[in-house]
Structures are given as structure tokens and as C-alpha cells.
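Have a look at the structure below, then the notes.
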Amino acid sequence: MTVERRLAGPAPAPAHDDEPAPPEAPPPGIGPGKALVAVGRRSWRWLTSMRTALILLFLLAIAAVPGSLLPQRNVSAERVTAWYGTHPKLAPLVDRLGGFDVFASPWFSAIYLLLFTSLVGCLVPRLREHIRALVRVPPEAPSRLDRLPAHAGGLDLPGDPADVATRLRAALRSRRFRAVARPQPDGGFTVSAEKGYLKETGNLLFHFALLTLLVGVAFGSWYGYKADRVVVQGTDQGFCNTLQQYDEYGLGARVRPQDLEPFCLTVTDFQARFLDSGQPADYRATVSYTIGDGAARNAVIKVNDPLRLSRARVYLVGHGYAPVLRYTDRYGHAQTIVAPFLYLDDNKTSSGVVTFPDANVDPARGRDPADPQQVAFAGVYVPTSDGHSDVSVFPAERNPVLVVTPYRGDLGVDSGVPGSVYTLNQHQIATGKLRALSAPLRLRPGQSATLDDGTTVQFVGTRPWTALTVRYDPGETVVLVGAVSLLVGLLASLTGRRRRVFFRVPPTGPVAAGALARSRYPGFHAEFDTLVKEILS
Amino acid sequence: MSALSDQLLVYAILGYTLAMLAYAVEYAFGTRGVVNRVATRELVGAGAPVDAPVAVEEVRPAPLDNARIGELAGRAALACTAVGWALHAGCVVTRGVAAGRVPWGNMYELILSACLVGSTAWLVAVVRRPSLRPLGLLVTLVLVLLLGVDGMLLYTKIGPLMPALHSYWLVIHVTAAVTASGIFLLGFAAAAATLVRTGYDEGKVRFPYPLGARLPEADALERVTFRVHALGFPIWTFAVICGAIWAEAAWGRYWGWDPKETWSFIAWVIYAGYLHARATPSVRRTVATWLAVLGWCAMMVNLFGVNLFLTGLHSYAGIK
């Protein structure tokens, strides 16, 4: 702390009692520059104090609460949208305040950044102090050993004081104390010993590990990425690790598209096992992948067992059914399309659309832009139908039925406006450009149906699709190392006990002993008593 | 075997309730002189306060007066707790045998196991330090409440695990979480008792504080609180870290601010704050102990609130 020296003038002393004292000149201040430094120093000291750290910790805990109560975008974007629906006036305000992305919001970041600044500001001097303490020898024994919390006097240790001191030192060192014997001017000796530096070492390790965690998380978020994709089983349905082939992706701030590991993957088989209650028992996907120009390799991906490549990992996070429809148009041209349907409930009632944008193209004249006769089938796939409702009663395909409505017209896929591949363009239907042709068709696997213009559609069957997530987080190892160090440091700091033991060996007469602990812990007195007993014997 | 497990639960709750009543009888009838450990503290000179030796005075009670009834009730309470513990352990073990796996695969079993750990921790504590017996009232009260809610509202039949839980991490991560929760249960009882006793010593007369008349010394209780939390906190840290490692294998990322993860973090931060506060000289011990109570509230929200009210927020991938 800057010492603020006030240059006060001499106190005015009136020459006579009845004369008024001259007004005292105001003392000169320390100047604006030094005042600023003083304020800075005080603020820094306040920030790095343990009390402030405590307040910030508490704020951190409170700040995390809205992150669990409000829907978060990175956990579930659909719930955020649903929240907008149920709270239309409040939602934009919450969004402004960062309520839907709490853990990346400025105010949450401010709290933990302040906390880490406080941490660093406290750690560096403590580390310096601890290194000094590790290097230093234990201090001189206090003059009055009987004032220490544990003390024993009148210990009868015959012999030359130097010998006694050496023996004491050896005994202490055998108990892993750091001990030093000092000769005294009166011919006697004192022995000082200290033990338990591990406590502070552990403490510092724990707090530095927190910093390591932060660094690891930051590194991972900058250089990591994640991407999601629905992959249908089949060698014709594989994908490669490039951004265009993903349904959703998020790149870290420093990741360039060319940094992605160049692998390609196809799902060759998918098996799901269910219990009789409908609860899933096991999922596994057999995949074939190649990295760059390498040879094809097989692997099995299960729920707790991702495919671990050197710079990417592939996780199995869901599955569903993709109906396969074969449509023969009025020119005799047949096309087979596999379209994943998204499931709506736990029993895998799935909805989706199978589109044939190239259907009914006259081979002679090409497509008529005013009246494109594109065809689509939109509806529901029921893996296990109970016969009358269109809701599945079991997730496996025990009684599959495809219930789709045929549509014909302009699908609207050439407009350049992006849309969902799981629903039809509602605008086209509303404006009449895309018309439903009949009541929904109910098709079993293998069944065909004929549309009003004589064209046929066949429900060939289904293929399973898997939802795969590709993730890469280079900071993970750093975080793991940080977490393990954190635990080790925590254990050391909670179980370590810092204490000092002193012996005073006078030139003649009994030896006195005393001990001091840095913080109270059980077993302190017991240890001292055992030590004294051992020394006496 | 599953039916046996359910029956044993009922009897275990009965055992704990009887124990609770016996603790209450001991409380009402006992005087301070029955089992009386007076913690004497040496005057501290230049050194920091240290754990001083404890002097034991045992006053011989006259036959069948209030003190004697209290003493008998106290012993009966311990016996009932032990019997309840045995039944509880039997319930958990039979549940595990019937299910063919470790008995913490769903919320019902989780609370069952956490309460068993809490009960075990309590019995260990009271055997090592008989003067803590008055705390049994609060411990058995919490146990009965939690087990009752668990059995009545959260009961689920034995079923196999979801595919996501088919992992050896279930044994490591959930065991650690259950153990830490049980230890924190005892810690909460000790912290609440510390606050009640401290309030009583300060002369407060509103409801819970007069109960402090029969509790052990505030200092001793405070030390017990600290040591129990110092035992539970590394285990909780380990549980959270293992959860993160498992999450990486199962969900693709080690931390995603899922509500369960968030509340585990909140509870961790609050308990870290408690340990921090206790190491800060300028913070009063009472304030620190309130933090321990707050930490338990966070654990309860983590256990009940997240599982029952916030499950809707959890999802694996963008597709649902």
C-alpha cells in the first residue's frame, strides 16, 4: 500500500491566549497521479482478497441458476422457440439479456473472468511466498515454549547439548520433518522443525488447475467443432466430413473448413433392440470409414462407445426409419427415393415427405415451367400399427404401415428459398400450386398403389437412419489433466497439516518442547505426545 | 426379491421413525447431565486455536427419573437406527440382486442408496463420537422424509437400464455421486445443528433455537460440520469429473450446461464457497455454516427439481 505521507506544517501555537490563531494552511495532498495509483492498488487488493472471491463464487452459483431454468439454445433450440410462442412479449427481452444463452453471455463471462483475475492475483504472491517457504529453513524457536498450544517441559535427555540437538534433529528427520539445529549464545541449542508443506502445495495446485481448466475450455472452443447429420443405412447414403454434408454444424472461432479431418463414412448396418415394454435396450451401428486415401475400415458405434479417430469422434445419438418409395411416372420412368422420416414419439411414429422433383418430365419436350407435374408423398410411418390409429405402439417394426397423401404440382424447390426436407412447402399448398390427389394411402411394405393418373407408387420398405454427431475438442486433454490435478490438489490441501515443533536444549538441565499448528486439526496433540514419548525412550 | 426389497423399505422407514421418536424422547426427557462431554478449551496464547483435549464427565443418574428415561431412550434410539440401517441395507441389496445390476439406475434407487450412505455415515459418526447422539433426531427426520417421499411418489418397478446407462461409468460416477450425497446429508444435519446451537447460545428465542439447549457444544458441532464436508467435497468433485468423462463418451462433449450438470456445478461452487469461507478469517463461522445449508438446498434441487421439473430441457441432439 502506498504510504500517504502528509506533509503537515508545524501546528500553529498562538503567542498569546487572547490572540486568534492564524488559519492553518491546508496540507498538500499526494497529487492526482499517486492518488490514482493508490485507488488502483486498493481496488486490486480488494479484488484479490478472499472475501471478494467468496462473493464472486456466490454470484457465479446464482448466475448459473437461470441457465438451468430457462431453455438454452445450445441444449435445445426447439424449446427456445416454444418459449417464444408462450411468452411473446417477454421472450425478446430475455434474449436481449442473454437469458437463452446464459453461459456464453457477457455478464456470466464477466463473473468468472473477474473470479479468475482475482484468483491469479492471489495465486502469484502466494506461490512466491510458498516457494520462499520451501527454500527457507524453519524459523528460530520462540523464547517461551510453554505459551505454545502443545508443550512439554522437563524432558530429561542427558548428554552434551550438541549431541542431544543432533539426536533430536535425527529423530525429527526420521519423521519427515524439515529440522535445523541452531547453537545459542549461552551454549545451548534449539531445534526447529516444520512439516506439512504439502497442504499449501496442494492448495496452489488446486487453484492453478482451475486456471488450466479455463485454458483448456477456451482452447477447445476456439479450435473445436461439432456437426450433426442423419445418415441412412446403405453404401449409397454415406457422407464425408465436409461442412456442406451436415444438417447442422458449429465451428470454433479459429477452425477453418479445410481443417476438418478428411474422413468419409457409411453406415452398413444398424441394429436396435427393444424390451417388451418398448424401452430401448441396445443400439449399435456398424460403419465403414476411410480417412483420406486410406483403406476402408469397419467399426461399431454404440451409445457409450463412439468412433474415435485422431482428430474427430463420431457419436451415435439417435435413430429412426427412412421409408423407401418407388414411383413410376406417366412416362414409365421409375425412381426410387429413400427419405428419412423424423420420429414424433418414443414409439417412433415418424412423419416426413418423400419428394420426386424429377417425376413426369416429358422426354421429348422437357418440363413445362407453368405446370410442373412434380410428385410428393407426405404422411406418417407407423412401425407397429394397432390396426386403426396412426400412432405406433412399439418402436420396432412389428406391423409397419405407411400412411401418405400423394401430392402433385409445383414443389417449390426451385425458388431458391431454403426449406425443410421433412415437410412440404406450405405456401405452395396454400396457393393451390401443389394439390393433394386423394385420401391418404395406407401401404404395407411391398404394397403398391395407383394414383389418379395411372402412375404407381410402391412402398418398397424402410431403411434405418442413424443420427450421428461428429465432434472434435482439442482442449479435452488439457481439461482432463486440469481436472485430475484439481482433485489431487484438493485432497492434499484438505488432508495436509502444517505444523512446527521446537525444542530448546539448555546447556544444563531438562529440555523443553513445544509445537504449533497453522490451523486446528485433530490429532495434533496426539502426534506431539507420541513424538515426545519416542524421544524420551 | 423385488417384493422383498419393497417390504424391507417399509420396515426400514418404520425403524427410522421409531428411532426418531426415541431420539425425541431422549431430547425431551434428558438433561444436560446425562451424557455430558464438556469440551474444555485451553487458553490460547500466542498460537492459533487448536483442537483441545476433551474431558469427559459422566454423571451417574438416579434410577428411573427423567434423566434415566432419557438415557434409555437414547440407547433405544441408537438400536433402532442400527436395525433400520440393517433393513435399509437389505432393501438396497435385494433390489440390486433382483435387478441384476448395481442398485442405482433410476431416481428411486438413487435416493434409496444416498440415504443408505447418509445413514451409514451417521452411525459411523455417532460410534466415533457418542456426544453427537442428539443430532440423530435431525438425521432420522431427514432420512424418514426422503425415504418416505421416495417410496410413495417416486417408486418405479425394477427395469433394465437405458442404453445410455450401459457403461462401467454407472458404477464409478453414480456411486461417487450417491456417496457424496449421503455424506452431505449428514453434513447438512450437522450444519443445521450448529446454527441452532449457535443461535441458542446467542440467546435467540424463536422456534428452532431453544432446541439448541440439548445439542452438543457449538464449536464441536462446527468442527464436525467442517470435517464431514471436507470428506464429502472431494468425493463430489470426483463424481462431477467422472460425470464429465462419461458425458464425453456418451453425448460427445464433457460439459454442456445440461440442467443436471448446471445444478451439480452450482452445488459444487456453493460447497467450495463454504470451505473458502471457513478459511477466510474475516467471515464469521455462522455465515460459512449457512453456506453449507445452502449447498444442501442446491443438492436437493439437483436431485428432485432437475429430475422432476426440468427434464423437458434435456435432449441429446438437435433431432428429437
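Every chain is numbered from 1, with letters handed out A, B, ... down the list of sequences.
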Atom of Arg51(A), atom of Thr280(B) and distance for their closest heavy-atom approach: N-CG2, 4.3 Å
Atom pair CD1 (Ile241(B)) and CG (Leu487(A)), whose distance is rounded to the nearest 0.5 Å: 5.0 Å
Residue part contacting chain B, namely of Phe274(A), when any heavy atom lies under 4.5 Å: neither
Side-chain heavy atoms of Pro234(B) within contact of Leu494(A), under 4.5 Å: yes
Aromatic plane relationship, Phe103(A) with Trp257(B) - under 30° parallel, 30 to 60° tilted, over 60° perpendicular: parallel
Part of Ala298(B) lying under 4.5 Å from any heavy atom of chain A: neither
Trp83(A), CH2 atom: more than 12 neighbouring heavy atoms under 6.0 Å: yes
Nearest heavy atoms of Val269(B) and Leu57(A), plus distance in Å: CG1-O, 3.2 Å
Shortest non-hydrogen contact between Ala64(A) and Thr262(B), atoms and distance: O-CG2, 3.4 Å
Region of Asp473(A) that comes under 4.5 Å of a non-hydrogen atom in chain B: side chain
Interface moiety of Ala77(A) toward chain B, non-hydrogen atoms closer than 4.5 Å: neither
Per-residue contact mode, Arg308(A) against chain B (heavy atom under 4.5 angstrom): side chain
OG-CZ distance between Ser519(A) and Phe226(B), expressed to the nearest 0.5 angstrom: 7.5 Å
Asp345(A), CG: over 12 other non-hydrogen atoms inside 6.0 angstrom: yes
N-O pairing of Glu248(B) and Arg313(A) below 4.0 Å: yes
Over 12 non-hydrogen atoms of neighbours within 6.0 angstrom of OH in Tyr249(A): no
Phe233(B) CZ to Leu491(A) CG distance, which is reported to the nearest 0.5 Å: 11.0 Å
Closest heavy-atom pair and its distance - Ala249(B), Pro306(A): O-CD, 3.5 Å
Any Trp255(B) side-chain heavy atom under 4.5 Å of Val217(A) side chain: no
Greatest number of heavy atom pairs closer than 4.5 Å to chain A - which of Ile266(B), Leu291(B), Val301(B): Ile266(B)
Chain B interface, residue from Asp305(A), Thr495(A), Val65(A), Asp146(A) that has the most non-hydrogen pairs under 4.5 Å: Val65(A)
Arg253(B) and Glu476(A) ion-paired at < 4.0 Å: no
Pair Asn304(A)-Trp169(B), side-chain donor/acceptor within less than 3.5 Å: no
Main-chain N/O of Leu480(A) paired to Tyr254(B) side chain as donor or acceptor, under 3.5 Å: no
Pairwise side-chain contact, Gln72(A) with Pro259(B), heavy-atom cut-off 4.5 Å (strictly under): no
Which atom of Gly252(B) lies closest to which atom of Tyr315(A), heavy atoms considered: CA-CZ, 3.2 Å
Part of Leu231(B) lying under 4.5 Å from any heavy atom of chain A: neither
